[in-house]
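Order of the sequence lines fixes the chain letters, A, B, ..., with proteins taken first and strands second; residue numbering starts at 1 for each chain.
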There are 2 protein chains.
Amino acid sequence: MIFKHDFDKNQTPIHEAAFASVREECDSQKVGYYALPSDSDGLIERLEDFKQKNSIFASGKIRDIAIVGIGGSSLGTKGIDSLLKSKATNLRTLHFFENTDPIIISETLSKLTKENTLFIIISKSGTTIETISIFKTIISHFGLEIEGSDKERILIITDQGSALSKFGNHYDLAQFSIPQNVGGRFSVLSAVGIVPLTLAGYDTKALLEGAESFLQRFFERKEDHLLTKASYLYLNSHEKTINVIFAYANELENLCKWYVQLWGESLGKIDSSGKSVGLTPASLIGSVDQHSFLQLLIEGPKDKTVTFLTIEDFETPLVIPNISLKYLEMTDFVNSKNFNTLINLQCDATKESLDMNGIPTDQITFPKRDEANVGTLIMYYELLTSLVGAMMHIHTYDQPGVELGKQILYKKFES
Amino acid sequence: MIFKHDFDKNQTPIHEAAFASVREECDSQKVGYYALPSDSDGLIERLEDFKQKNSIFASGKIRDIAIVGIGGSSLGTKGIDSLLKSKATNLRTLHFFENTDPIIISETLSKLTKENTLFIIISKSGTTIETISIFKTIISHFGLEIEGSDKERILIITDQGSALSKFGNHYDLAQFSIPQNVGGRFSVLSAVGIVPLTLAGYDTKALLEGAESFLQRFFERKEDHLLTKASYLYLNSHEKTINVIFAYANELENLCKWYVQLWGESLGKIDSSGKSVGLTPASLIGSVDQHSFLQLLIEGPKDKTVTFLTIEDFETPLVIPNISLKYLEMTDFVNSKNFNTLINLQCDATKESLDMNGIPTDQITFPKRDEANVGTLIMYYELLTSLVGAMMHIHTYDQPGVELGKQILYKKFES
C-alpha cells in the first residue's frame, strides 16, 4: 500500500505518548487485536482439518457460505469479499444475513439450498437478537436437524463461555472462539473473518501477513506517517469534525462501511471529563459522488478532512472506444484511454481541486487488489483508531451507548 | 405518509419569508421542479405512443432497460426502483451504468444482451464525461448501429439544445427533454425518472399524484410541519451541522443516496456574504447501523439531527419461529413475532434512546411501499431543501464548486 500525506510532522510529544500507550495496550495484552495477525495463523491449520473431517464439506457439495452476523461480525468480511471477489476464481459464494428487514432475509433465503450451504453463526456476545432470530428462521426454513444429520452444516463463532458457545457445545457443533480481549469492530482478523474467508477460498495467510508486516513496521517506527496523521486529526478535531473516505471504486463501498463502524463507534465517547467527544466518519464513492457530495466539500463548511482511496491497477482492461460522435466531439479527449486511467485521474483532479480550496486531504493507494494489501489497510485503520483514541483519552474499545436501546426494545416486547 | 416531529412552532417570521420565497420561485417559474408533478403527466401519454411505435418495444422483446447516467440522472430512479421492485410484478429490469469503475461497467455489460435491452442515455448538460464514455463503450460492445437497425434501441434524455440533443436529432433517435429550469438533483419527476420508470412498468401516474397532492397541500398551508422543521434545521445549523436519515429497511438505501445529493449539493454553498455554509447529510440503515454508528450518535458530539424513516407494512410476512434453543432462551422474547414488528420496534427503541439523550429526532413513515407515497416523500424533501436554502439566502439550485475538478481533469488528458 502507498500512503501519502503532508500533515505537519512536528508534534513529537503527542506522538510519543500515543505510541507508548498503543505499545502498552499491545504488550500487556489488554487489547487483543494486535496479536491476531500472528495468532490467527493457527486457525488456518485448524480449518484445513475441518475441511477434511466435515463430511459435507469434504464431499465438495458446499458452494455457498451463509454468514449470520451483524456489525463487527460481518462488516469486515463483507468488505474484503466485495473488494476481491471479482478477481478470485473458484470461490464459494458468501451470503450475508445481517438485517431484520423481512424483505432482504426472504431474498437471501431464496438464493440458498440446504444441500449446498454452510451456515456460520457469528455473535461475540452470543445473544445478539438479530443474529439468533435469523438463525431460528434458517433452522425452520430449511428444516435443519441440529441434533442429527445437519450438525455439520452449522459452524459457530463466539466468545468462549457465551450462551451461544454453550448452545454449540451442547449440540456438539463446530466452534471457533473470538478472544475476549478483541472487540467486535476489531475482530475481522480473528475467527470472525478468517474462518469464512478461508472456507470461501481466499488467501487468508497473505491477509494476515499483510497486517502483521505493517504492524511490525509500525512498532519499528518505520510507519510514522500514521502518528503524524493521527495527531493532525486529533489536534484539529474541534474544527475538522468529519473524516471522509472518498473511495474511487464501487468494490470499496463495503470496506468503507467497515471503516465507518470502526471510527464512529471507537471514537464517539464521553471522555474522562464527562464531555461528549468523537469524530464522524463518512464514506463516498468516486466518481459517482463527485456528482453528489463534492459541491458541499468544496464550498460548504470547512469541517471535513478527506482521505482518497484508490486502486492503481484494476486488472480489468476496458478501453473507452475511439469513437467520435457527432456534436459530442468535446468528449473525445478520453478516447482510447482505459477506464482505469480515467477513474484515477478523476480522483487526482478532485483531490487537487480540494487542495486548492484548502481542504486537508491525503491518499491511500492499493497497488493492486489482493489479500496482503487489504490486510495492511485493515491494520493501518485499526492502529490509526487506537492512536487517536489514546490522544483523546477515551475508552476506545467499548460501546456503552448502545445498551439503552436494547433495554427499551426488551421492554417493548415484554409489555 | 406520516410525518411526526416536535420542533418548536414559534418561528413565524422565518416561516413566512421562506414560504413566500418558495411561492415566488414556483409562480415565477424561475425554479421548475414545482411544475413537474402536473407537467410530467404528458410524458406518460407520449410514452404510450412510444411503446406502440417503437417496433422493438412493441414486439415485447425488451426485458432490460439500461440507464446510462450519473448523479441527478440516476440516483432518484434507482432509489424508487430499489424501494418498489421486490413488490412489483411483470417489471422490466432496470440496470444502471453510473461509475467509471471498469469492474462494475464490465459486470453490468455482462448481464445484458442487445436483443433484449433498451438503452437510455441521460445527461442534463449533454456532455457528462462518465455518461458519454460509457455510451461509446456500449456502442462498441454491442456493435450498435446508430444509423441503422439499432436506432430504436436508444433513447436520449437531455436539455433542449444540448450537444447530446443535437446528436440525437442528427441520428433521429427518440428523445425527451429536461426543462431548463429543473436542476439535475431536482429532476427525478421529469423525463429523467418518469421515462425509465414508466417503461419499466411502474405506476408513474400515482408517483406524480403523490407529489402533486403534497405540493398542493403545502401551498394551502396544510403541511406547515415542513416550515417548522426547516426553521429548526436552519436556526440550529451552527450547532447541528449533520442531518442523518436513519432508514429501517435495506430497500431505502438508494433513496437515502438521492437525499444525500439533494441536501449536500443544494445547501453546501458560499453565501451572499462570502461565507461557506451548508448542512452535511448522512444516511444509515437500521437495524444494521445500530451496531455501527449508534454509539457515536448517543455519546459523541451533539452535532446531529436524526430523521427516522420506516415502512409500516413491509407486505412480506416472515415470522420468527417459536423455537427455543438451549442456553439461548433469553432471545425468545421475540419468538412468534413478525420481523416487520421487530425492525420497527428496534427503530422505536433507538429513537427513544436518542430522545432520552437529547438528540433531536423526527420520524417519517411509509404506511406501505407504493408509488404515491414515494412521490410524496420526494416532494417533501425537495420542498424542505428549498425552504432551508431560502432561509440561508444561498443559491440552492446551482453547483459552481464542481467545475474546477472538471477543468483539472481536462488538462490532465491534454498534457
Side-chain angles (χ1 to χ4, degrees), chain A residues 70-71 86 98-104 132-133 136 140 163 166-167 170 249-250 261 264-265 268-270 276 278 287-288 291-296 298-301 314 316 318 320-321 323 326-328 331 333-334 339-340 342-343 345 349-350 352-353 399 401-402 404-405 408-409 412-413, chain B residues 70-71 86 98-104 132-133 136 140 163 166-167 170 249-250 261 264-265 268-270 276 278 287-288 291-296 298-301 314 316 318 320-321 323 326-328 331 333-334 339-340 342-343 345 349-350 352-353 399 401-402 404-405 408-409 412-413:
Chain A
I70 194 166
S86 71
E98 298 171 292
N99 208 354
T100 42
D101 176 330
I103 300 171
I104 193 87
I132 304 303
S133 300
K136 289 175 183 173
S140 162
K166 288 178 189 156
F167 162 82
H170 182 79
N250 288 62
Q261 184 201 18
E265 206 170 42
K269 293 286 157 67
I270 293 169
S276 287
S287 69
V288 175
H291 299 260
S292 164
F293 206 92
L294 180 58
Q295 166 66 30
L296 175 67
I298 296 267
E299 296 208 328
F314 280 79
T316 304
L318 187 70
I320 299 162
I323 297 174
K326 199 156 170 66
Y327 296 106
L328 293 169
T331 65
F333 69 98
V334 297
F339 275 100
N340 196 143
L342 174 57
I343 195 168
L345 287 179
T350 301
E352 284 176 35
S353 74
Q399 54 282 338
V402 305
L404 178 60
I408 297 173
L409 181 70
K412 282 184 185 295
F413 277 97
Chain B
I70 194 167
S86 72
E98 298 171 293
N99 208 354
T100 42
D101 176 331
I103 300 170
I104 192 87
I132 305 301
S133 299
K136 288 175 182 173
S140 163
K166 287 177 188 154
F167 162 82
H170 182 78
N250 289 61
Q261 183 201 18
E265 206 170 42
K269 292 287 155 68
I270 295 170
S276 287
S287 69
V288 175
H291 299 260
S292 163
F293 205 93
L294 180 58
Q295 166 66 30
L296 175 67
I298 296 268
E299 294 207 329
F314 281 78
T316 304
L318 188 69
I320 300 163
I323 298 174
K326 198 155 170 68
Y327 296 105
L328 294 169
T331 65
F333 70 96
V334 297
F339 276 100
N340 196 143
L342 175 57
I343 195 168
L345 286 178
T350 302
E352 283 176 34
S353 74
Q399 54 282 337
V402 305
L404 178 61
I408 296 172
L409 181 70
K412 284 185 183 295
F413 277 97

If you count heavy-atom pairs under 4.5 Å between each of [options] and chain A, which one has the most?
options: B:Ser133, B:Ser86, B:Ser140; answer: B:Ser133
options: B:Gly278, B:Pro301, B:Gly71, B:Gly405; answer: B:Pro301
options: B:Ile103, B:Asn340, B:Thr331; answer: B:Ile103

If you look at every heavy atom in [X] and [Y], which pair is closest and at what distance?
X: A:Lys412; Y: B:Ala349; result: CE-N, 3.7 Å
X: A:Leu296; Y: B:Gly268; result: CD1-CA, 3.5 Å
X: A:Ser276; Y: B:Gly300; result: CB-O, 3.2 Å
X: B:Phe167; Y: A:Tyr327; result: N-CD1, 3.8 Å

*asked:* So for A:Leu342, is it side chain, backbone, both, or neither that comes closer than 4.5 Å to the heavy atoms of chain B?
replied: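 Its backbone and side chain both get close to chain B.
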*Do side-chain atoms of B:Gln295 reach the backbone of A:Gly264 as a donor and acceptor pair under 3.5 angstrom?*
no
_Whether B:Asn250 side chain and A:Ile104 backbone form a donor-acceptor pair below 3.5 Å_ =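 Here the side-chain-to-backbone pair does not exist.
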_Side chain proximity check, A:Val402 to B:Ile298, heavy atoms < 4.5 angstrom_ =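 No, too far: nothing below the 4.5 Å cut-off.
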Euclidean distance, [Y] [atom2] relative to [X] [atom1], rounded to 0.5 Å:
X: B:Lys326; Y: A:Lys166; atom1: NZ; atom2: NZ; value: 11.0 Å
X: B:His170; Y: A:Leu328; atom1: NE2; atom2: CG; value: 11.0 Å
X: A:Leu345; Y: B:Ile408; atom1: CG; atom2: CD1; value: 11.5 Å

*Looking at A:Val288, A:Leu318, A:Ile343, which one forms a side chain to side chain contact (heavy atoms under 4.5 Å, CB included) with B:Thr100?*
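Testing B:Thr100 for a side chain to side chain contact (heavy atoms under 4.5 Å, CB included) against A:Val288, A:Leu318, A:Ile343 leaves exactly one candidate, A:Ile343.
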_With a 4.5 angstrom heavy-atom cut-off, is it the side chain or the backbone of B:Phe293 that approaches chain A, or both, or neither?_
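Interface part for B:Phe293: side chain.
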*So which of A:Glu98, A:Glu265, A:Gln399 has the biggest tally of heavy-atom pairs under 4.5 Å with chain B?*
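Maximum pair count with chain B is reached by A:Glu265.
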